[in-house]
Amino acid sequence: MVSDFTMTIDGVTATAEKTFAVTNPATGEEFAQAPEPSRAQVDLAMQSAARAFDSWRQDRELRQKTLEGLADAVEANLEELAAIITMEEGKPLKESRAELGDVMGDLRYFASLELPTEIVRDDARTAVRVLRRPVGPIAAITPWNFPLGTAIAKIAPALAAGCTVVLKPSPYTPLACLRFGELTRDALPAGVLNVLSGSNEVGTWMTEHPIPRMISFTGSVATGKRIASAAAVDLKRVTLELGGNDPAIVLDDAVVDDIADALFANAFGNCGQICVAIKRVYVPNALHDELVDALASRAKAAKVGDGLLEGSDIGPLCNQMQFDRVGELLNDATSHGARVVAGGHAIDGPGHFFEPTILTDVNDGLRIVDEEQFGPVLPVIGYDTLDDVLQRANATHFGLGASIWTSDEERGSALAPQVDSGTVWVNTHQSAVPGQPFGGLKWSGIGVEGGPWGMLGFTEVQAIHVAR
Ligand code: NAD
């Protein structure tokens, strides 16, 4: 049992009287302890972030240099951080390394981004310019599926904009963030980044605290709604990156052999536990059986195993709650006539392993289609007309991502704006380039991360009007 993961408050090590266990989902064993902070420690972190804000916001050059330094620290400790992510979250090491690639990419991208000043008028009588001011100390609260990736997607633009941060990762996966705090402690002025761990209650203390002017949250829709209400009391700003139920819409001109690998990878990466994983596939009835077979053969061939072992394609589900939920949704589907074409069972033994599962004879109205399964069970649904499939793809409270699969790029691009989601991909899913915004429509969120839009989300507009 490793218990030397510590929090970072006001630039120094912070331990807590209470700790909680972190479980490796591949073995079911508790392998580390993390600190459960007291309310007084949350207050200390907030006060420290408030004290650090005034000087941090003034020094653009320091911010740039520091963010680059943070990326270098991740690079220098990449293998250790990747192993921690795999042990606490379950994903194969190659996916943990990819997550860290995104982390470094975000830190370097935002280091180079400037806040704009816009001139509205500049004539003999009047000068009006519009500034972007950092909103202040931020409370950042993150989920378990990308332990460090979701945290840095907030920290990098927030710090670059001049905000200071108090971060709390998920209690299932606190270790990568705690370690990041330790590794970068000396590179940051005290208080600029405070890293806590702890339960949901710690999250509520953060959102109720008077100091943060903004809550940047990634997680479930249910928690997002609670956070929005907590923020309303103090009119704190919020960014909410919430769940999704992304449809992949295969068009009648698609070639199954060309798209099956990408569809499978984008549905089963991280064992399906990705906000923008493909969570339902709509395919023309004429291509239905061919696509189901192609996906089923990939599901049968995928090697499920401990993410620390070379050769594992798919790791375990991250925690018991998620494991139980996937089983429950699968049972609900099969009890309503769904047919399992591949997989369909939890795997015996320790750990939260579940066979990659392809379901057919399913339709809208079943929980596995309508809800976010967040696991390795993919429903494939036949359709007849384009109007019908667009209506079904959009008939949901979610609106995070969607994709269109076609051999005619122009046709796919023309159709994309008719899908109600924050991102619509054509012939890919989940891909992003630096500078691309990411966020959800409807219940999938408020605000965006990524690109200049993401950084502007950590700022407020100030107009300076000068009479001449
Ligand atoms: P969750 O909402 O249960 O928890 C997320 C975080 O919120 C945790 O740190 C938790 O401790 C904290 N929390 C819980 N209740 C709180 C409260 N009342 N006040 C303040 N903080 C509270 O989510 P999860 O199960 O960890 O994550 C899975 C969800 O996250 C999925 O729905 C997934 O789609 C979503 N997600 C979205 C994105 C995105 O960018 N849109 C990215 C990753 C995950």
Side-chain angles (χ1 to χ4, degrees), residues 20 22 34 36-37 42 88-89 91 99 102 106 139-154 166-178 195-209 212 215-233 236 238-246 269-279 317-326 371-375 396-401 421-423 430 432 436-450 454 457:
F20 60 95
V22 181
E36 177 72 28
V42 172
E88 64 181 349
E89 200 270 345
K91 66 185 61 160
E99 178 173 341
D102 290 344
D106 274 349
I141 301 177
T142 53
W144 44 260
N145 61 335
F146 287 85
L148 199 54
T150 51
I152 299 298
K154 303 177 180 315
V166 178
L167 167 71
K168 188 200 84 70
S170 166
Y172 292 115
T173 57
L175 304 178
C177 285
L178 291 174
V195 184
L196 306 176
S197 43
S199 60
N200 297 351
E201 188 180 31
V202 176
T204 63
W205 294 339
M206 290 167 69
T207 55
E208 288 165 7
H209 199 282
I215 303 165
S216 179
F217 173 74
T218 299
S220 63
V221 171
T223 308
K225 289 181 179 179
R226 279 183 212 115
I227 283 178
S229 342
V233 177
K236 295 185 199 303
V238 286
T239 303
L240 304 174
E241 296 285 343
L242 308 179
N245 190 14
D246 291 15
N270 199 20
C271 199
Q273 303 163 113
I274 304 183
C275 52
V276 278
I278 293 173
K279 297 191 176 123
L317 286 146
C318 172
N319 52 62
Q320 187 70 43
M321 172 200 70
Q322 201 53 37
F323 181 79
D324 292 344
R325 177 172 165 75
V326 167
E371 297 181 21
E372 181 185 39
Q373 67 273 48
F374 221 57
T396 166
H397 283 301
F398 293 105
L400 193 58
S421 60
T423 308
Q430 297 183 33
Q436 182 174 330
F438 174 74
L441 308 185
K442 300 190 271 183
W443 283 7
S444 288
I446 294 178
V448 297
E449 288 183 345

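Counting starts at 1 for both ligands and their atoms, following the listed order. The structure displayed is predicted, hence computed values, not measured ones.
In the vicinity of P169, heavy-atom distances shorter than 4.0 Å reach the ligand 1 atoms 9 (O). Of all the atoms in ligand 1, the ones that sit under 4.0 Å from a non-hydrogen atom of T218 are 5 (C), 36 (N), 37 (C), 38 (C), 39 (C), 40 (O), 42 (C), 43 (C), 44 (C). Close approach of ligand 1 to E241 (heavy-atom distance below 4.0 Å) involves ligand atoms 37 (C), 38 (C), 39 (C), 40 (O), 41 (N). Numbered from 1 in the order shown, with element, the atoms of ligand 1 that lie under 4.0 Å from a heavy atom of G203 read 19 (N), 20 (C), 21 (N). Each of the following atoms of ligand 1 lies closer than 4.0 Å to a heavy atom of P171: 11 (O). Taking every non-hydrogen atom of N145 and a distance limit under 4.0 Å, the qualifying atoms of ligand 1 come out as 43 (C), 44 (C).
Contact detail for E99 and P147: the closest heavy-atom pair is OE2-N, 3.2 Å. Summarising the geometry of C177 relative to A151, their closest heavy-atom pair is SG-CB, 3.7 Å, with the distance given to 0.1 Å. When all heavy atoms are compared, the tightest approach of F374 to V326 is O-CG2, 4.1 Å. Considering every non-hydrogen atom in both P171 and F20, the closest pair reads O-CE1, 3.2 Å. When every heavy atom of L148 is checked against every heavy atom of A176, the shortest pair comes out as CD1-O, 4.0 Å. The nearest pair of heavy atoms linking L240 to G224 is CD1-O, 3.8 Å.
Atom 31 (C) of ligand 1 has its closest protein heavy atom at E372 OE1, 3.5 Å. Here the protein heavy atom with the shortest distance to atom 15 (N) of ligand 1 is T223 CG2, 3.3 Å. Looking from atom 23 (O) of ligand 1 to the surrounding protein, the closest heavy atom is S220 N, 3.3 Å. The single protein non-hydrogen atom nearest to atom 18 (N) of ligand 1 is T204 CG2, 3.5 Å, given as residue, atom name and distance. Residue, atom and distance of the protein heavy atom nearest to atom 28 (C) of ligand 1 are F374 CE2, 3.8 Å. Among protein heavy atoms, the minimum distance from atom 39 (C) of ligand 1 is reached at C275 SG, 3.3 Å. Of the protein's non-hydrogen atoms, L242 O, 2.7 Å is the one closest to atom 41 (N) of ligand 1.
Residue contacts with ligand 1 include F217, since one or more of its heavy atoms lies under 4.0 Å from the ligand. Heavy atoms of W144 approach ligand 1 to within less than 4.0 angstrom. Ligand 1 is never approached by G440 to a heavy-atom distance shorter than 4.0 Å.
With sequence neighbours left out, K154 forms a salt bridge (Lys or Arg N to Asp or Glu O under 4.0 Å) with E449. Partners of E36 by salt bridge (Lys or Arg N to Asp or Glu O under 4.0 Å), not counting sequence neighbours: none found.
Looking at ligand 1, you'll find an N or O of K168 within less than 3.5 Å of one of its N or O atoms. Checked by distance only, ligand 1 and N200 come closer than 3.5 Å through their nitrogen or oxygen atoms.
Residue-level proximity to ligand 1 for F438 is carried by the side chain, the only part with a heavy atom below 4.0 angstrom. With a 4.0 Å heavy-atom cut-off, ligand 1 is reached by the side chain of I141 but not by its N, CA, C or O.
The closest side-chain heavy-atom distance from P212 to V166 is not below 4.5 Å. The closest side-chain heavy-atom distance from W205 to K168 is not below 4.5 Å.
With hydrogens and angles disregarded, a donor-acceptor distance shorter than 3.5 Å links the side chain of S444 to the backbone of G243. Within the 3.5 Å criterion, the main-chain N or O of I446 finds no donor-acceptor partner in the side chain of E241.
Aromatic ring pairs are classed by plane angle as parallel below 30°, tilted from 30° to 60° and perpendicular above 60°; the pair W443 and H397 is parallel.
Closest heavy-atom approach to atom 6 (C) of ligand 1 within the set T142, N270, T173: this belongs to T142. When the heavy-atom distances from atom 35 (C) of ligand 1 to P143, A230, G219 are ranked, the shortest goes to G219.
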